[in-house]
Student: 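Have a look at this one before I ask anything.
Treat the numbers as computed from the prediction; the structure is a model and nothing was measured.
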Amino acid sequence: YAINTIKENKDKGIPFRTDNLFIEGIDENSKVEDLLESTFKNALNDYEDEKSKFYGYFIGNLPFASEIDYSYSFTIQRIIRNISYKELCIIRYFKDNGTLKLQNFDSFNNDGQNIEKNELAFYFKDLLSLGVIHKAKPMNVQYELDNMKLSPLGDNICKLLNLQEIDRKEIELIGNVITKYQ
């Protein structure tokens with residue numbers, strides 16, 4: 001996936017980054033070696049096979065994303081490692097749908113009902129705590145989950161991981177649950 005993404009970006013005429021991320025440093029190692037090594041390790045250690053191609057997209061898009069510096073790329077990598085495939089699908093759903101009204105997802109039900117709602121509420125709160133989504137206007141301070149949208153970090157994750165490649169059926173399943181409980 002990384003190699004194909006690099007080829008596609010070159011074919012589209014997207015310029016290769018010109019900063020020092022890929023330039024060798026004093027210790028004769030480029031900064032990107034650390035990043036690539038840790039990304040490969042994370043991909044190998046990830047228990048969700050569905051996510052593996054998105055690590056590849058990340059590696060393949062990074063050489064063309066000059067707006068993503070060394071430190072920020074590790075932040076994105078850490079988030080990728082810590083979120084589930086379903087959360088990647090949710091990020092894509094936000095990208096496609098803009099602001100979502102999530103007040104009904106603000107609290108969990110412990111009655112054994114609405115398991116799908118509770119699951120999404122957990123994911124929404126996780127993405128909020130990671131800074132991937134944030135509140136949007138109009139805001140209501142009464143709710144932790146209110147009108148929510150992707151943050152700039154979420155937009156960058158969507159772009160670097162080619163989340164448009166997620167199967168539409170996965171996105172529709174999430175949309176059905178969100179619509180059911182809005």
Side-chain angles (χ1 to χ4, degrees), residues 1-12 14 17 21-22 31-98 100 102 105 108 115-134 145 148-178:
Y1 293 101
I3 292 169
N4 287 339
T5 301
I6 290 169
K7 286 178 184 177
E8 288 171 14
N9 286 337
K10 285 177 65 178
D11 290 346
K12 291 177 187 175
I14 300 172
R17 67 188 304 148
L21 185 64
F22 290 89
K31 289 180 176 182
V32 78
E33 286 178 9
D34 294 335
L35 183 60
L36 290 175
E37 181 180 347
S38 62
T39 302
F40 285 127
K41 284 181 181 178
N42 288 337
L44 289 171
N45 292 329
D46 203 310
Y47 61 91
E48 289 187 282
D49 289 338
E50 300 101 331
K51 282 175 53 183
S52 61
K53 68 181 175 181
F54 298 101
Y55 285 102
Y57 293 139
F58 173 71
I59 291 168
N61 282 319
L62 195 58
F64 302 91
S66 58
E67 70 277 11
I68 309 297
D69 68 11
Y70 180 71
S71 176
Y72 192 47
S73 60
F74 271 106
T75 298
I76 291 172
Q77 182 199 82
R78 182 186 56 80
I79 290 170
I80 298 167
R81 180 183 70 230
N82 288 319
I83 64 176
S84 68
Y85 175 71
K86 193 159 195 171
E87 286 172 302
L88 291 177
C89 295
I90 291 168
I91 294 169
R92 170 62 195 274
Y93 187 82
F94 269 98
K95 183 69 174 174
D96 291 348
N97 293 282
L100 302 176
L102 300 180
F105 290 89
F108 297 101
I115 292 170
E116 59 193 359
K117 175 186 173 250
N118 288 344
E119 179 187 28
L120 281 187
F122 170 79
Y123 290 140
F124 292 145
K125 289 183 180 200
D126 190 38
L127 292 172
L128 176 63
S129 72
L130 292 168
V132 176
I133 61 173
H134 62 89
L145 293 175
M148 308 299 287
K149 68 179 186 175
L150 276 183
S151 67
L153 173 62
D155 279 328
N156 284 327
I157 288 171
C158 205
K159 175 185 168 187
L160 286 172
L161 274 63
N162 287 2
L163 295 187
Q164 72 275 7
E165 298 296 323
I166 293 175
D167 185 349
R168 292 296 315 160
K169 292 177 187 176
E170 303 275 356
I171 307 301
E172 290 169 9
L173 291 172
I174 289 168
N176 291 339
V177 175
I178 291 171

Student: Taking Glu172's backbone N and O only, do any of them form a donor-acceptor pair with Asn176's side chain (distance below 3.5 Å, no angle check)?
Tutor: yes

Student: Does this structure show an ion pair linking Lys86 with Asp126, if we count only N-O contacts that are shorter than 4.0 Å?
Tutor: no

Student: Can you give each donor-acceptor pair under 3.5 Å made by side-chain atoms of residues 157-167, sequence neighbours left out, with the distance rounded to 0.1 Å?
Tutor:
{"residue": "Lys159", "atom": "NZ", "partner": "Glu67", "partner atom": "OE2", "Å": "2.5"}
{"residue": "Asn162", "atom": "OD1", "partner": "Asn61", "partner atom": "ND2", "Å": "2.8"}
{"residue": "Asp167", "atom": "OD1", "partner": "Lys169", "partner atom": "N", "Å": "3.0"}

Student: Less than 4.0 angstrom from a charged side-chain N to a carboxylate O is my criterion; do Arg92 and Glu170 meet it?
Tutor: no

Student: Taking C-beta and beyond as the side chain, do Ile59 and Phe40 meet within less than 4.5 Å on heavy atoms?
Tutor: yes

Student: Which atoms form the tightest heavy-atom contact between Tyr93 and Gly175, and what is the distance?
Tutor: CE1-CA, 3.3 Å

Student: Is there side-chain contact between Arg168 and Asp96, with at least one heavy-atom pair below 4.5 Å?
Tutor: yes

Student: Just wondering, do Val132 and Phe94 contact through their side chains at under 4.5 Å, heavy atoms?
Tutor: no

Student: With the side chain counted from C-beta on, respond yes when Lys10 and Phe64 share a heavy-atom pair under 4.5 Å apart, and no when they do not.
Tutor: yes

Student: Look up atom CG in Leu130 and atom CD1 in Ile80, then write down how far apart they are to the nearest 0.5 Å.
Tutor: 11.5 Å

Student: Quick check, are the ring centers of Phe58 and Phe54 under 6.0 angstrom apart?
Tutor: no

Student: Minimum heavy-atom separation for Leu35 and Ser73, please, with both atom names.
Tutor: CD2-OG, 3.3 Å

Student: Calculate, to the nearest 0.5 Å, the distance between atoms NZ and CG belonging to Lys149 and Asn97 respectively.
Tutor: 14.0 Å

Student: May I have the list of side-chain donor-acceptor pairs in residues 42-50 shorter than 3.5 Å, sequence neighbours left out?
Tutor:
{"residue": "Asn42", "atom": "ND2", "partner": "Ser38", "partner atom": "O", "Å": "3.2"}
{"residue": "Asn42", "atom": "ND2", "partner": "Gln77", "partner atom": "OE1", "Å": "3.3"}
{"residue": "Asn45", "atom": "ND2", "partner": "Lys41", "partner atom": "O", "Å": "3.1"}
{"residue": "Asp46", "atom": "OD1", "partner": "Glu48", "partner atom": "N", "Å": "3.0"}
{"residue": "Asp46", "atom": "OD2", "partner": "Lys51", "partner atom": "NZ", "Å": "2.7"}
{"residue": "Asp46", "atom": "OD2", "partner": "Tyr55", "partner atom": "OH", "Å": "2.8"}
{"residue": "Glu48", "atom": "OE1", "partner": "Tyr85", "partner atom": "N", "Å": "2.9"}
{"residue": "Glu48", "atom": "OE2", "partner": "Tyr85", "partner atom": "N", "Å": "3.3"}

Student: Take a 6.0 Å sphere around NZ of Lys53 and say whether it holds more than 12 heavy atoms from other residues, nucleotides or ligands.
Tutor: yes

Student: With sequence neighbours left out, what residues match Asn82 under side chain to side chain contact (heavy atoms under 4.5 Å, CB included)?
Tutor: Arg78

Student: Any chance you could measure Ile90, atom CD1, to Leu120, atom CG, to the nearest 0.5 Å?
Tutor: 5.0 Å

Student: Nearest 0.5 Å, please: how far is CG in Asn156 from CD1 in Ile76?
Tutor: 5.0 Å

Student: Side chains of Glu8 and Ile14, heavy atoms from C-beta outward: is any pair under 4.5 Å?
Tutor: no

Student: Heavy atoms only: give me the nearest Met148-Leu102 pair and the separation to one decimal.
Tutor: CG-CD1, 3.7 Å

Student: Closest heavy-atom contact between Val177 and Phe105?
Tutor: O-CZ, 4.0 Å

Student: If I take atom CG from residue Leu153 and atom NE2 from residue His134, how far apart are they, to the nearest 0.5 angstrom?
Tutor: 9.5 Å

Student: Hey, what do you get for CG (Leu173) to SG (Cys89), rounding to the nearest 0.5 Å?
Tutor: 9.0 Å

Student: Over all heavy atoms of both residues, which pair between Lys95 and Asp155 is shortest? Give the atoms and the distance, please.
Tutor: NZ-OD1, 3.2 Å

